[in-house]
Amino acid sequence: ADLVGKSCLRRECRQISVTGCSATSPPPLCNSALGLYPFQFLSPVVPFSNGRSKDGKATYTARLAYKISDNIKVYGSDGDAWTFRGPHDSYITNYVATQNKGWALKAEFLAGSYNGIVNGRGWNSWINDVGGIGTGSFYFDGTAGKFDDIVASGTTGSGIIVKNCNSSSFTNSTCSGHPTIGLELRGNHHYFQGVLINGNGPALKMVSTAMCEVHVSIGNANPAVTFTTPVGGDQLYIQTTQAAATTLFSGAPHANTLIDVTQIGALGFGSGRKWPTISTGSLPAASLFPEGFQIFNSTTNKPMWSDGSNWQDAQSGIPTYAGVPTDILFPNAVVGSPVLDTTDGRLYLRFGSADWRYVGLT
């Protein structure tokens, strides 16, 4: 039977309007879905006359007020694989983009014009930024939402950039191989949980962030984390194979930043809390770090921590003297008071009046 212009439901057919909607023929006198009719026979792979599309000429298959897109693959574009400007709060699943010159997905926002806030699950970007023009996998400008199982991989450009927005969430996500930046967060209340394996560039870049929470495993990055004008209140929980301070942090975190770093051993076993390693001659100002922030001094071979103003260690505050101390030199010393002999490095303790003994093995 010819069902054009009819709607069938539960084996019953009734005539429906075949008139397109307009100002003079508004719903329900028209069929608002009629405009989609020509698109039902489109090939799953949309062809272009020259074999590729360009961002300068916007092409739409359809635009809806709310959209759920599933099982989409874009490859070989001369620009961004997908420049997303809406519909607002769309949900995209099982999206793959590969070998495009631009971003795998670039979501944009412009007040009063378009709103590309998007959510997603099961995205895979592989070798985009073809030609190394400075793009990468996923770029969210005022638009990021909630994401799960996102993979951003490539050999050029950046992995995931989040800017001009707050409260985005990424879980079970990976940035791999991008040498410019693995993950860049700007704004407040972002959450990221996943893996950052970078191509010798910064794995995590925190720019003017506040109250963000990041749980990551980091490898092959230099540095692992960079801080630029942080606002404060961030929480970073990091597992990494990198020990040296020069490859762990660049820039100073805010004083109210919580940083928990665990060094992963060569055999894959965690070795507990690992502090950045740095020599005495390269110590940065302790005031740049939050109170209690710890490092390992490779010159003295012992741990140190910032009190907010100065670096302290296990011997900080202990009096020093070149030679054996005496009651005359330290008249107010009580039993147990330590003095460090700077001539031979011995630590002396006072056991009683005129009774100073150095601490030895015997």
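The basis for the numbers below is simple: all heavy atoms, side chains too, and nothing from hydrogens, waters or symmetry mates.
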Rounded distance (nearest 0.5 Å) linking atom CG of Asn119 with atom OG of Ser90:
8.5 Å
Assess the side chains of Ser158 and His178: does a donor N or O sit below 3.5 Å from an acceptor N or O?
no
Contact check, side chains of Tyr348 and Val324, non-hydrogen atoms, under 4.5 Å
yes
Would you call the rings of Phe227 and Phe249 parallel, tilted or perpendicular, taking 30° and 60° as the class edges?
tilted
Starting from Val162, can I reach Leu236 by hopping between I/L/V/M/F/W/Y residues whose side chains sit under 4.5 Å apart?
yes
Are any of the side-chain heavy atoms of Glu108 and Tyr114 separated by less than 4.5 Å?
yes
Between Lys101 and Asp78, does the salt bridge (Lys or Arg N to Asp or Glu O under 4.0 Å) criterion hold? Intermediate values first, please.
CA-CA 5 Å; Lys101 279 193 175 180; Asp78 199 42; 3.3 Å; yes
Are any of the side-chain heavy atoms of Val214 and Val225 separated by less than 4.5 Å?
no
What is the distance from atom CD1 of Ile181 to atom CG of Asn198, rounded to the nearest 0.5 Å?
9.0 Å
Is Asp327 salt-bridged to Arg350, cutoff N-O under 4.0 Å?
yes
Is there a side-chain contact between Asp260 and Ile238 (heavy atoms, below 4.5 Å)?
no
In the structure I gave you, are the side-chain heavy atoms of Gln99 and Trp126 within less than 4.5 Å of one another anywhere?
yes
Output the distance between atom SG (Cys175) and atom CD1 (Ile197), rounded to the nearest 0.5 Å.
10.0 Å
Just verifying a value: how many Å separate Leu105 CG and Asn100 CG, rounded to the nearest 0.5 Å?
10.5 Å
Quiz question: by atom type and distance under 3.5 Å, do the side chains of Asp234 and Thr257 form a donor-acceptor pair?
no
For side chain to side chain contact (heavy atoms under 4.5 Å, CB included), just list the numbers for Leu183 and Phe192, CA-CA rounded to whole Å, side-chain angles, deciding distance to a tenth of an Å, and then say yes or no.
CA-CA 9 Å; Leu183 168 67; Phe192 186 93; 3.5 Å; yes
Under 4.5 Å between any side-chain heavy atoms of Thr240 and Val261, yes or no?
yes
May I have the step-by-step check of side chain to side chain contact (heavy atoms under 4.5 Å, CB included) for Lys205 and Leu185, ending in yes or no?
CA-CA 6 Å; Lys205 186 175 182 179; Leu185 296 177; over 6 Å; no
Centroid-centroid distance, Phe147 to Phe140, less than 6.0 Å:
yes
Taking a hydrophobic cluster as the set of Ile, Leu, Val, Met, Phe, Trp and Tyr residues connected by side-chain heavy atoms closer than 4.5 Å, whether directly or through intermediates, do Tyr139 and Val118 fall within one such cluster?
no
Spell out, yes or no, whether Leu258 and Met211 are grouped together once hydrophobic residues are joined by side-chain heavy atoms under 4.5 Å, including indirect joins.
no
Considering only heavy atoms from C-beta outward, does the side chain of Tyr75 approach that of Val96 to under 4.5 Å?
no
Side-chain donor-acceptor pair present, Thr229, Ser208, cut-off under 3.5 Å
yes
Single-linkage hydrophobic cluster, 4.5 Å side-chain cutoff, Trp356 and Tyr358 together
yes
Distance (rounded to the nearest 0.5 Å) between Met206 CE and Cys212 SG
5.0 Å
Distance col, row Arg357:CZ vs Phe351:CZ, nearest 0.5 angstrom, shows 5.0 Å
Test ring pair (Phe, Tyr, Trp, His ring centres under 6.0 Å) applied to Trp123 and Phe138, step by step
CA-CA 10 Å; Trp123 293 10; Phe138 303 114; 5.3 Å; yes
Please check if any side-chain donor atom of Asn172 sits under 3.5 Å from a side-chain acceptor atom of Asp148, or the reverse.
yes
